[in-house]
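In what follows, a single structure is set out as structure tokens and then discussed.
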Amino acid sequence: FTRSIQASRDVSVGTTHFLMTTIASLTESLRSAGFMFMLVAVFLVLLLASFIGLFFSRAIRHLRTATKEVNQGNFKIEPPPAISGDVGDLITDFHQMARFLDETTVEKVKLQATEIELKRINENLAKEIDERVQAEYELSKYQNQLEALVDGRTRELQKTNELLKREIRERQQVEDT
């Protein structure tokens, strides 16, 4: 009777040992599988992060190149393919700024050309004003000379007229006497 208890105890110990070994083996395999799964997940996350980094850095590299072009005076730059989010908004704003700079630069060039033309016209007007002032001065001088000449001749004529009137009176007196 004890033998059967002993045999069942041996079977129980063997089964327990087998179960413990199997559980340990399963735990170890789950650990290594979990570790492998974790390695694969980390690799996929790194791969995804690299792809996202390359995607955004491509847009940033384009912005850097575009900034160099703008600094050299080329405002006609082509935008990169559209992306969404903050980087996309930044790229859109940058290209609007470049277009605005291009328009204001063209307007500035036109204004500078207009300013040069206005300066030339102003110089011509100043020269014409100087010539006119000089001509008015000369006219005034000649007018004064003419007035003096007319005054002198008028006095001479008045004297001559007075002399003639006196002669006429004297002749009339001589004739009357």
Side-chain angles (χ1 to χ4, degrees), residues 31-170:
R31 258 190 228 154
S32 65
F35 185 70
M36 289 300 272
F37 178 72
M38 189 172 68
L39 283 176
V40 168
V42 166
F43 177 75
L44 288 176
V45 167
L46 287 175
L47 186 64
L48 181 64
S50 296
F51 175 73
I52 290 172
L54 286 175
F55 180 74
F56 285 116
S57 69
R58 177 179 54 133
I60 301 299
R61 279 194 309 271
H62 171 76
L63 274 178
R64 184 191 307 148
T65 303
T67 302
K68 287 179 183 176
E69 290 290 323
V70 167
N71 285 337
Q72 293 175 357
N74 178 15
F75 302 114
K76 297 182 192 281
I77 49 178
E78 293 297 320
I83 62 172
S84 61
D86 290 339
V87 175
D89 292 343
L90 178 65
I91 290 171
T92 301
D93 291 344
F94 181 83
H95 286 286
Q96 286 175 347
M97 178 193 69
R99 279 192 303 277
F100 178 72
L101 284 173
D102 185 43
E103 291 169 6
T104 55
T105 301
V106 168
E107 289 175 12
K108 181 181 177 184
V109 168
K110 288 178 183 176
L111 284 174
Q112 287 172 338
T114 303
E115 181 182 11
I116 290 170
E117 181 65 18
L118 286 174
K119 283 181 181 179
R120 186 187 63 76
I121 291 170
N122 193 22
E123 288 171 359
N124 287 342
L125 282 174
K127 189 185 294 183
E128 287 178 15
I129 289 171
D130 288 344
E131 290 172 357
R132 185 174 181 156
V133 166
Q134 183 64 33
E136 286 176 358
Y137 172 75
E138 293 293 324
L139 282 173
S140 174
K141 189 169 91 174
Y142 289 132
Q143 182 180 1
N144 291 337
Q145 287 176 351
L146 283 174
E147 284 178 3
L149 185 62
V150 166
D151 286 344
R153 292 217 176 156
T154 301
R155 275 183 259 136
E156 285 178 21
L157 285 173
Q158 284 174 345
K159 285 180 186 177
T160 306
N161 196 16
E162 287 296 322
L163 285 173
L164 285 173
K165 283 181 181 179
R166 196 177 317 150
E167 267 184 40
I168 291 175
R169 271 184 268 141
E170 288 175 2

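Separating the CG atom in Leu163 from the CD1 atom in Ile168 is a distance of 11.0 Å, to the nearest 0.5 Å. Atom-to-atom distance recorded for Asn124:CG and Ile129:CD1 is 11.0 Å, nearest 0.5 angstrom. Rounding to the nearest 0.5 Å places CG of Leu118 at 11.5 Å from CD of Glu123. Here the OG1 atom belonging to Thr160 is positioned 12.0 Å from the NZ atom belonging to Lys165, to the nearest 0.5 angstrom. How far NZ of Lys119 is from CD1 of Ile121: 13.0 Å, rounded to the nearest 0.5 Å. Rounded to the nearest 0.5 angstrom, Leu139 CG and Arg132 CZ are separated by 10.5 Å.
Within the 4.5 Å cutoff, no side-chain heavy atoms of Met97 are placed close to those of Asp93.
Side-chain contact, Glu162 with Gln158: no donor N or O sits under 3.5 Å from an acceptor N or O.
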Expected list for residues 142-149: side-chain donor-acceptor pairs under 3.5 angstrom, two or more places apart:
from: Gln143; atom 1: NE2; to: Glu147; atom 2: OE2; distance (Å): 3.4
from: Asn144; atom 1: ND2; to: Ser140; atom 2: O; distance (Å): 3.3

Assess the residue pair Lys68 and Asn71 against the criterion (side-chain contact (heavy atoms from CB on, under 4.5 Å)); give the C-alpha distance rounded to whole Å, side-chain angles, the decisive distance to 0.1 Å, and a yes or no. CA-CA 5 Å; Lys68 287 179 183 176; Asn71 285 337; 5.5 Å; no
Step by step, work out the salt bridge (charged side-chain N to carboxylate O under 4.0 Å, His left out) result for Glu117 and Arg120. CA-CA 5 Å; Glu117 181 65 18; Arg120 186 187 63 76; 2.3 Å; yes
